Amino acid sequence: MAKEPTLDLTETPPPVQEQYPVKWYRSTFFNITILGLCNFAAPGIWGAMNSLGAGGAASPRLINAANSLTFCLMVVSCYFSSVIVHYIGIKGALIFGTVGYAPFAAGLYTNNRFGTEWLTLFGAALCGISAGVFWMAEAAIAIAYPEPWNKGKALGYWLTYRLGGQILGGAINLGLNADRDQAGKVSYTVFLVFIALQASGPFVALLLNRPEKVQRRDGRRVNLTIARNPWYEIKATTRLFFGKNFLLIVLFIGQAVFAEAVFFTYLALWFSVRARALGSFLSGIVAVTAGNLLGLWIDRTKVSLMTRARSSFWLIVTFQGGWWIWVTVLATKFHQSPRTYDWLSPGFGHAFAVYIFLTIGFQINYLFLYFIITNLAETEDQVIRYAALLRGTESAWQAVSYGLTSVPIMGAVGAIYINFGLWAIAIAPAWLLIRRFGADQEHYGHDGKPEVEHGSRDGASDDGRVK
């Protein structure tokens, strides 16, 4: 049986004169830009709608239930996404993944304007079927296409486009609702723009180069094909999930992504329409900045991998803990004494700022998860499998979080308490994995990256189990 192609682990860039010339339209930068534009058109605009609080609706109940349905179906589509790649390739998977987003936006439009609920749920189902494949495909491309010394910057640049959708959506909504200082739903005109942008996603994805046509400055070819039969892929993906390495970060993934429903619901419950629009716009800008700064730090190859991994981990969990304490105190107070904050209201600043910080936390957690997966995957086939597992696990946690926040008491305070607890119990198991990155010099190269011996990394076998 043919051996799976291994990943290039050389982090240090060669001298410029030793780098291979590339055509601009085949370069990794071009392809990550196309990937970013797909991210902008699909999950970016989806995030823009949710960052308005409750998808722009007056009440978060229906929208949170719809999002829970989306993420439930994404768990299934993520799990089988490597099988889909086997049949239609990674580019085909990306195109297919963008198709279901526009129907969901259409459902939000009809609900906002006419009160229709069935199309919101139907659109959420279509979104879930396609989005799980999209999430896997974009993650695998973002990890495998760039040169090793550009991975952190590429991840930050790619994820910028997702928040770019949120920033644009927030700017549009802020312009349309700047005079609305009361609670309620946003203008339905916003959703017409969102539908048009999401419908452009499949056409943008057509511009992506297939892996074999990508030109990298290190001269290595990208190989994101799945050659083995689908049943083999299902078994290989399952083995990786139950491997010790991945199980150690399941709770850490949960505490990171559970937060999205929590802070979007917090924004919908306690702030006016224009304050929600301001939150969508401003939080995207600061989260982009924080994410790109973390990406630059991750790519500082002059600093050991151990230092970069450990310092990033402790910085993230420390700040996240402070923000959970802050929002727990506020939400408890607001639940006991309900109010609606506008940007002219007394006390707006301290209530609003924690939403901004939680959005920053979500972005840097998100990027750090890709850093972890990059250091776990030992072959290019495993990039696809780990990407599917990461996005599927994210989806499962988010299905739970959006489902819970659709219940009034959970949306108000309960989900915040749960997320705070998740953060606390996720730290120890994640640390058991993170502390090994670059730590064992007998098994790691001089640049801190693990040396591949007989197809293993970090002491893990091909099925993800620690030897």
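All of these numbers come straight from a predicted model, not from anything done at the bench.
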Arg162 NZ/CZ over Tyr366 ring centroid, <6.0 Å and within 45° of normal: yes
Is there a donor-acceptor contact under 3.5 Å from the side chain of [X] to the main chain of [Y]?
X      : Y      : result
Thr110 : Gly107 : yes
Ser77  : Gly128 : yes
Ser283 : Ile356 : no
Trp397 : Ala256 : no
Arg310 : Ile434 : no
Ser280 : Arg276 : no
Asn39  : Leu35  : no
Gln363 : Ile360 : no
Ser68  : Ala65  : no
Ser406 : Gly403 : yes

Are [X] and [Y] side-chain neighbours, meaning at least one heavy-atom pair lies under 4.5 Å?
X      : Y      : answer
Leu248 : Trp431 : no
Glu394 : Val75  : no
Ile409 : Val407 : yes
Tyr232 : Thr237 : no
Lys153 : Ile298 : no
Val317 : Phe252 : yes
Met306 : Phe437 : no
Asn111 : Leu119 : no

Trace of the side-chain contact (heavy atoms from CB on, under 4.5 Å) decision for Ile143 with Tyr386: CA-CA 11 Å; Ile143 291 171; Tyr386 269 126; over 6 Å; no
Might you work through the side-chain contact (heavy atoms from CB on, under 4.5 Å) test for Thr393 and Phe241, ending with a clear yes or no? CA-CA 9 Å; Thr393 305; Phe241 178 81; 3.9 Å; yes
Listing request: all salt bridge (Lys or Arg N to Asp or Glu O under 4.0 Å) pairs with a residue in residues 127-141, at least two apart in sequence or in separate chains. Glu138-Arg391
Find the distance between [atom1] ([X]) and [atom2] ([Y]) and round it off to the nearest 0.5 Å.
X      : Y      : atom1 : atom2 : result
Leu73  : Ser130 : CG    : OG    : 10.0 Å
Leu282 : Thr359 : CG    : OG1   : 9.0 Å
Trp343 : Phe271 : CH2   : CZ    : 13.0 Å
Ile141 : Ile90  : CD1   : CD1   : 5.0 Å

Nearest heavy-atom neighbours spanning [X] and [Y]:
X      : Y      : result
Pro43  : Trp135 : CB-NE1, 4.3 Å
Thr120 : Ala66  : CG2-CB, 4.0 Å
Thr405 : Ala415 : CG2-CB, 3.6 Å
Pro148 : Asp299 : O-OD1, 4.5 Å
Ala140 : Ala387 : N-CB, 3.8 Å
Cys38  : Leu94  : SG-CD2, 4.1 Å

Which residues share a side chain to side chain donor-acceptor pair (under 3.5 Å) with Arg339, sequence neighbours left out: Ser337, Tyr341
Under 3.5 Å, is there a donor-acceptor pair linking the side chains of [X] and [Y]?
X      : Y      : value
Tyr79  : Thr238 : yes
Thr265 : Tyr402 : no
Gln398 : Asn67  : no
Trp297 : Ser312 : yes

Using the benzene-type ring in the case of Trp, are the ring centres of Tyr161 and Tyr157 under 6.0 Å apart? yes
Is it the case that the ring center of Trp158 lies less than 6.0 angstrom away from the ring center of Tyr370? yes
Do the ring planes of Phe362 and Phe263 sit parallel (below 30°), tilted (30 to 60°) or perpendicular (above 60°)? perpendicular
Go through it in stages, so that I can follow the logic: the residues are Phe368 and Phe371, the test is ring-ring contact (aromatic ring centres under 6.0 Å, His included), and I'd like the CA-CA distance, side-chain angles, deciding distance and then a yes or no. CA-CA 5 Å; Phe368 190 64; Phe371 171 75; 5.6 Å; yes
Is it true that atom CZ of Phe348 has more than 12 heavy atoms of other residues, nucleotides or ligands lying nearer than 6.0 Å? yes
Apply side-chain contact (heavy atoms from CB on, under 4.5 Å) to Val193 and Ile45, showing your working. CA-CA 10 Å; Val193 180; Ile45 298 300; over 6 Å; no
Sort out for me which residue in Phe71, Phe194, Phe134 forms a ring pair (Phe, Tyr, Trp, His ring centres under 6.0 Å) with Trp46. Phe71
Of all pairs that satisfy side chain to side chain donor-acceptor pair (under 3.5 Å), the ones with a partner from residues 407-425, not counting sequence neighbours: Thr332-Tyr417
Using side-chain contact (heavy atoms from CB on, under 4.5 Å), reason through Ile425 and Gln255 one step at a time and then give a plain yes or no. CA-CA 9 Å; Ile425 64 176; Gln255 66 82 33; over 6 Å; no
